[in-house]
Amino acid sequence: MPTAPHDAFWAWSIIFAATAGVIIRPFRLPEAIWAVIGAGTLVLLGLLSWQDALLGIEKGIDVYLFLIGMMLIAELSRLEGLFDYLAAFAVEHARGSPQRLFLLIYMVGTLVTVLLSNDATAIVLTPAVYAATRAAGAKPLPYLFVCAFIANAASFVLPISNPANLVVFGKHMPHLGAWLRQFTLPSIASIILTYLALRLALYRELKEETIAARVPHPKLGRGGKLTAYGIGAVGITLIWASALDLQLGLPTFICGTATAAAVLLLNRQSPLPVLKGVSWSVLPLVGGLFVMVETLVKTGVIGQLSALLHQAVGQSVAKAAWSVGVATAIADNIANNLPVGLVAGSVAANDHLPAPVVSAILIGVDLGPNLSVTGSLATLLWLVALRREKIEVGAWRFLKLGMLVTPPALIAALAAAIR
């Protein structure tokens, strides 16, 4: 039952404040703290029962398992130098051409995003690209922008390419065949248009660039090679799980844990460096967001949005798909795509929506964040990685680039999905 208007007002206010805290990070406190404070306040004030809060947390179990497995693999890849190897490989094969280096890094970023998720591209590939481009005498920023934009542009090639995919679909994840039918053409359109727009937007910076033809190329040890095989095994396992219409969290967790254990045993290393490097705060962040979205369900917001969407679909499927795709993309940049994805997923779960509408929702959630630095967790993590290297990218500079790059890719991807 929907709550009283007074209670609903306070619940929405708390959720708005907590979401703003996640995005703005007042007092430089981690994003997770604001999500947990928001969720805890809702329960303490009686705006959401603790049973419903636990139900909200429970809905995220598959996402938590997926994130743990992927973060273990990503951190292992970083420690074993796999990303440094890939970045140096790109520089070496660029043969002194900034334009070729730009394309090779874009291709590496696409591969990492597709197989390891967009967060891995933001967290681990970004510092590797910084180190490799500095070694080549290049100005790193144009190539670092590649990491930010491809992390979202390639994030709906496979279900595993973005945790937001699990958030949107939940237990209703399409099997692999249906996924590929829905998202192959939109993904190709997104990746190509993002590359072309980004390449044109950074044309002058790349034209004036000079880079070394050779850089020190790190060797890939046994652990790095085994990690690469583990990534391949993860990809095969998850494609198999998708084909069998299984949830992806547990297989990802098992593969990530098994790969980490195998590499650590082979190298006779302690697991502490890997465990220490994992961004565990992501888990309470996502859990807090699930609780806040459960509050929106109880206050009737989700039901109202579902009714509006159902009415729009009844009038025109194509118009409804375009409207919800663009609206979701814009909303990402106001409230971040994780909470938006949770709300969109809850709305989609309430109705048996046509495939083009569901596709448009996911494309909006995954690709829309390329507009601004607040759009996705991956972009926020990318900013953190840059700050560690003493590089500052202002919100306005990113927005100017995002306004050039995002609309063409979004329109092309939606057009391919709604065809």
Side-chain angles (χ1 to χ4, degrees), residues 70 72-151 153-155 157-158 160-161 191-192 194-195 198-199 202 205-206 209-236 259-260 263 266-267 274 277 378 381-382 385-386 388-389 391:
M70 282 300 183
L72 283 172
I73 286 280
E75 181 60 19
L76 192 66
S77 300
R78 185 186 71 82
L79 291 175
E80 293 298 329
L82 181 58
F83 288 93
D84 292 324
Y85 177 87
L86 291 172
F89 176 88
V91 173
E92 186 176 295
H93 284 75
R95 298 192 295 276
S97 168
Q99 293 78 12
R100 191 179 293 118
L101 177 59
F102 188 87
L103 174 60
L104 287 169
I105 290 177
Y106 195 87
M107 292 169 66
V108 170
T110 301
L111 184 66
V112 172
T113 300
V114 170
L115 295 179
L116 278 182
S117 86
N118 58 344
D119 292 343
T121 300
I123 298 169
V124 190
L125 184 62
T126 298
V129 167
Y130 173 79
T133 51
R134 282 293 301 271
K139 295 177 182 176
L141 198 52
Y143 310 99
L144 294 173
F145 276 128
V146 170
C147 298
F149 281 90
I150 193 56
S155 66
V157 175
L158 293 175
I160 61 174
S161 304
I191 292 168
I192 292 176
T194 298
Y195 171 78
L198 194 59
R199 178 75 171 72
L202 299 172
E205 294 179 55
L206 293 174
E209 185 80 278
T210 56
I211 63 172
R214 289 183 174 273
V215 296
H217 200 302
K219 290 185 177 180
L220 199 60
R222 291 186 305 169
K225 291 177 182 177
L226 186 56
T227 301
Y229 296 143
I231 291 172
V234 170
I236 292 170
T259 301
V263 172
L266 177 68
N267 293 340
V274 175
L381 293 172
W382 175 79
L386 261 59
R388 288 176 182 167
E389 308 297 344
I391 297 176

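On a predicted model such as this, the values are computed, not experimentally measured, just so you know. Side chains included, hydrogens not; waters and symmetry mates left out as well; all remaining heavy atoms used.
- The distance from the CD atom of Glu205 to the CG atom of Leu141 is 7.0 Å, given to the nearest 0.5 Å.
- Among all heavy-atom pairs drawn from Ala122 and Pro127, the shortest one is O-CD, 4.4 Å.
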Check your understanding: Run the side chain to side chain contact (heavy atoms under 4.5 Å, CB included) check on Leu116 and Thr121 step by step: do they pass?
Key -> CA-CA 8 Å; Leu116 278 182; Thr121 300; over 6 Å; no
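- Distance check, rounded to the nearest 0.5 Å: CG of Asp84 to CG of Leu79 gives 10.5 Å.
- Between Ile211 and Pro98, the shortest heavy-atom distance links the atoms CD1-N, 3.9 Å.
- For the atom pair OG (Ser117) and CD1 (Ile123), the distance works out to 7.5 Å, reported to the nearest 0.5 Å.
- Counting all heavy atoms, side chain and backbone alike, Ala87 lies closest to Ala128 at CB-O, 3.5 Å.
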Residues 129-140, side-chain donor-acceptor partners within the protein, below 3.5 Å, at least two apart:
from   : atom 1 : to     : atom 2 : distance (Å)
Tyr130 : OH     : Arg134 : NH1    : 2.6
Thr133 : OG1    : Val129 : O      : 2.7
Thr133 : OG1    : Tyr130 : O      : 3.1

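- One distance of note links CD1 of Ile105 with CD1 of Ile150; it measures 12.5 Å at 0.5 Å rounding.
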Exercise for review: Given side chain to side chain contact (heavy atoms under 4.5 Å, CB included), test Glu80 with Val263 step by step and report yes or no.
Suggested key: CA-CA 9 Å; Glu80 293 298 329; Val263 172; 3.6 Å; yes
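- Pairing each heavy atom of Ala378 with each of Asn118, the nearest pair is CB-ND2, 3.6 Å.
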Practice item. Show your reasoning for whether side chain to side chain contact (heavy atoms under 4.5 Å, CB included) applies to Ile231 and Ile73. Key: CA-CA 7 Å; Ile231 291 172; Ile73 286 280; 3.7 Å; yes
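- Atom CD1 of Ile192 is separated from atom OH of Tyr106 by 8.5 Å, given to the nearest 0.5 angstrom.
- Ring-plane geometry between Phe102 and Tyr195 is classed as tilted, the angle between the planes lying from 30 to 60 degrees on a 0 to 90 degree scale.
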Point to revise | Derivation of the side chain to side chain contact (heavy atoms under 4.5 Å, CB included) call for Leu103 and Gln99 | key: CA-CA 6 Å; Leu103 174 60; Gln99 293 78 12; over 6 Å; no
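- Between the OG1 atom in Thr113 and the CG atom in Asp119 there is a gap of 9.5 Å [rounded to 0.5 Å].
- By the 4.5 Å heavy-atom criterion applied to side chains, Val157 and Ile191 are counted as neighbours.
- Between Ser155 and Ala151, the shortest heavy-atom contact is CB-O, 3.4 Å.
- Between Ala385 and Thr126, the closest heavy-atom pair is CB-CG2, 4.0 Å.
- Aromatic pair Trp382/Phe145: ring centres closer than 6.0 Å.
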What donor-acceptor contacts under 3.5 angstrom involve side-chain atoms of residues 218-229, with partners at least two apart or in another chain?
from   : atom 1 : to     : atom 2 : distance (Å)
Thr227 : OG1    : Gly223 : O      : 2.7

